[in-house]
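What follows is a set of notes on a single structure, which appears directly below.
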Amino acid sequence: MSPRLHQMHDPFALPDMDRAVTRIVRAVTKQERICVVGDYDTDGATGTALAFRFFQAIGSPVRWFLPRRVGEGYGLTVAALGRLLAEQ
């Protein structure tokens with residue numbers, strides 16, 4: 001059974017989605033570097049890969065980042081940001 005449009009949730013119901021879209025559009029337009037940050041679980045890795053491939057396909061300078069489970073934990077943390085900045 002395929003999803004129907006009336007069954008899908010509006011992504012703009014998420015807080016600050018309009019600000020996020022505006023910022024992403026600006027980054028793409030100005031060819032700013034984009035880093036897709038995900039998690040090491042299945043949906044996080046898959047979502048990261050999909051977003052990375054999208055930005056790559058439209059010609060944006062993009063990289064991906066998945067935190068290390070041991071030492072950096074789950075989600076975007078100070079340790080993960082430190083490693084990301086160090087790898088620039």
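Heavy atoms only: backbone and side chains are in, while hydrogens, waters and symmetry mates are out. What you are looking at is a predicted structure, and each value in this text was computed from that prediction instead of being measured.
Looking at Leu84 and Arg63, their side chains come closer than 4.5 Å, going by heavy atoms from C-beta outward.
In this structure, the separation between CZ on Arg33 and OG on Ser60 is 13.0 Å, given to the nearest 0.5 Å. With rounding to the nearest 0.5 angstrom, the CG atom of Leu76 is 9.0 Å from the CG atom of Asp39. With rounding to the nearest 0.5 angstrom, the CG atom of Leu66 is 10.5 Å from the OH atom of Tyr40. In this structure, CD1 in Ile24 is found 5.0 Å from CZ in Phe55, a value given to the nearest 0.5 Å. Rounding to the nearest 0.5 Å gives a distance of 12.0 Å between CD of Gln56 and CD1 of Ile34. To the nearest 0.5 angstrom, Thr22 atom OG1 is 10.5 Å from Asp16 atom CG.
In plain terms, the two heavy atoms of Gly38 and Pro67 that are nearest each other are O-CD, 3.0 Å.
Note on Phe54 and Val62: same hydrophobic cluster, where clusters join Ile, Leu, Val, Met, Phe, Trp and Tyr whose side-chain heavy atoms are under 4.5 Å apart, directly or indirectly. Under the 4.5 Å side-chain heavy-atom criterion for grouping Ile, Leu, Val, Met, Phe, Trp and Tyr, Ile58 is connected to Trp64 within one hydrophobic cluster.
In this structure, Asp10 contributes its side chain and Phe12 its backbone to a donor-acceptor pair below 3.5 Å. Here the side chain of Asp41 pairs a donor or acceptor atom with the backbone of Gly44 at under 3.5 angstrom. Under the 3.5 Å distance criterion, the side-chain polar atoms of Thr29 are matched with a main-chain donor or acceptor of Val25.
Environment of CZ in Arg23: crowded, with over 12 heavy atoms of neighbouring residues, nucleotides or ligands closer than 6.0 Å.
Taking Gln31 as the reference, nothing meets the side-chain hydrogen bond (donor to acceptor under 3.5 Å, both in side chains) condition, with sequence neighbours excluded.
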